[in-house]
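Please read the structure below before turning to the comments.
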2 protein chains.
Amino acid sequence: MTTARRSDATRAAILEAARERFASDGYERATIRAIARDAGIDPSMVMRYYGNKEGLFVAACAMDLSLPEFGELPARHAGTMLVRHFVDRWEQDERLTAMLRVGVTNEAGTARMHEIFAQGLAPLTRGVCPVPEEAPRRAALVASQILGMALARYVLRLPPAVELTREEIVAWLGPTVQRYLTAESP
Amino acid sequence: MTTARRSDATRAAILEAARERFASDGYERATIRAIARDAGIDPSMVMRYYGNKEGLFVAACAMDLSLPEFGELPARHAGTMLVRHFVDRWEQDERLTAMLRVGVTNEAGTARMHEIFAQGLAPLTRGVCPVPEEAPRRAALVASQILGMALARYVLRLPPAVELTREEIVAWLGPTVQRYLTAESP
DNA sequence: TACGCTTGCCAACAAGTGTTGACCAACGTG
DNA sequence: CACGTTGGTCAACACTTGTTGGCAAGCGTA
């Protein structure tokens, strides 16, 4: 356990500003100078605390990959629950949008997305889908639908996608994800 | 009709190099210098022929938004046909990947995606889906699934998504899109 | 041949980038 | 109090970016 430092407030301000900038501007356009300005400090502080820009991104998007345990829950509602869980998180955690935006243009971001997919989503499907060796493929299908909605709604902001309510999204995507998880291979 | 110019070969080389760079690097990292180097000419030529970087992007991604006519075709296969059509185009036209990558970080790219959605996909759903005023919402759902697969497969390159065959994609996503188009609202 | 237009290269500009090191003030402990 | 450590600013570096203007060579026409 690391003891509290006098600079913890500054460090936190930097991380929050970085998350906002990465989420709204992407990796290249989120400049260290702009982030520092938002945080109300000098750009050189960012370097001192996080080494370089990539280190800052890693720190700003660090999170545990733990997902809720679906193993014990009724497999027939896994789709709906998964969609609801992701929509809720996406609404309240800028890191997800930041990672999606950065994952498209930055190599480290792409790698992090692969990691989250492999360690977060793929194992989870293993417990739900019928044939174990089909799990990665089914996880990819699920990812395509969930990331696609995030892309349309939070990044591209297509008006009809923005206007959907959370419950509408759950009602429409839930059965899709459920089918990708448990329906027999076509 | 514009008459042939002596520089048409160079212009075409620039556009092709630009498409490749935009598709693989995104807007910011696709520098004019790199594009010019790929095309084997001086960066200043790019400026002369296309004005500025944004003009180059517009020219490189210009295309007609016409989609095949689905109005006359059996509405019960519209989902499968739409998915097959998009997968085929995506495989052979770098402009689509370029537009997706750029649309995530660049404002002009986002605007172009809105345009393609509004003028390309949305009108097409109007002829297929039951209630006309639901057409935009259903088009957004379709877009989320199709763009999501493009994102996972061509941009993020999640291994299981890359390994899917075209026919597998059609077989899995076809029914999803069909449901988004024609199933009654949940 | 002489002229104007096109094609192309070269060198440079101004602005912005990530990054670094010197320097100052405040704090906490001996 | 003196002193090392920490938090912070300032100015500058080296580099890359989009963009511009000048100049030479080639082409077609008169």
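Per chain, numbering begins at 1; letters A, B, ... match sequence-line order.
The interatomic distance linking A/Arg33 (CZ) with C/dG16 (P) rounds to 10 Å, in whole Å. Rounded to an integer number of Å, the gap from B/Ile14 CD1 to C/dC9 C1' is 13 Å. In this entry the distance linking CZ of A/Phe57 with C1' of C/dG18 reads 17 Å, nearest Å. Distance, A/Asp42 CG to C/dA22 P: 16 Å, rounded to whole Å. The nearest whole Å value for the distance from the CG atom in B/Leu56 to the P atom in D/dT19 is 10 Å. In this structure, B/Ile41 atom CD1 and C/dG8 atom P are separated by 8 Å, rounded to whole Å.
Taking the side chain of B/Arg5 as heavy atoms from C-beta on, and the options C/dT7, C/dA12, C/dC9, the nearest nucleotide is C/dT7. Nearest to the side-chain atoms of B/Thr10 among the listed nucleotides C/dG8, C/dT7, C/dG18 stands C/dG8. Listed nucleotides: C/dG21, C/dC27, C/dC9. Nearest to the side chain of A/Arg6: C/dC27. The side chain of A/Tyr49 approaches D/dG8 more closely than any other nucleotide in the set D/dT9, D/dG8, D/dT19. Residue A/Asn52 has its side chain nearest to C/dT19 when only C/dT7, C/dT17, C/dT19 are considered. Counting only heavy atoms from C-beta on, A/Met45 has its side chain closest to D/dG7 among C/dC10, D/dT19, D/dG7.
Inspection of the B/Thr176 and A/Gln145 side chains reveals no N or O donor paired with an N or O acceptor under 3.5 Å.
Residues A/Pro160 and B/Arg138 are not in side-chain contact: their nearest non-hydrogen atoms beyond the backbone lie 4.5 Å or more apart.
Under the 30°/60° scheme for interplanar angles, the aromatic rings of B/Phe57 and B/Phe22 are found to stand perpendicular. The aromatic rings of B/Tyr180 and A/Trp172 lie perpendicular to each other, with more than 60° between the two planes, well past the 30° mark.
At a threshold of 4.0 angstrom between heavy atoms, the contacts of A/Ser44 include nucleobase atoms, whether or not backbone atoms are also involved. When heavy atoms are screened at a 4.0 angstrom cut-off, B/Tyr50 is found touching no nucleic acid atom at all.
Along DNA chain C, the nucleotide nearest A/Gly51 and the nucleotide nearest A/Arg29 are compared for position; the residue whose nucleotide lies closer to the 5' end is A/Arg29.
At a cut-off of 3.5 angstrom, the base of C/dG8 holds at least one donor-acceptor pair with the side chain of B/Arg48.
Between A/Ser7 and D/dG7 there is a side-chain polar atom (N or O) within less than 4.0 angstrom of OP1 or OP2.
Dense packing is recorded around CD of B/Glu133, with more than 12 heavy atoms of other residues, nucleotides or ligands lying under 6.0 Å away.
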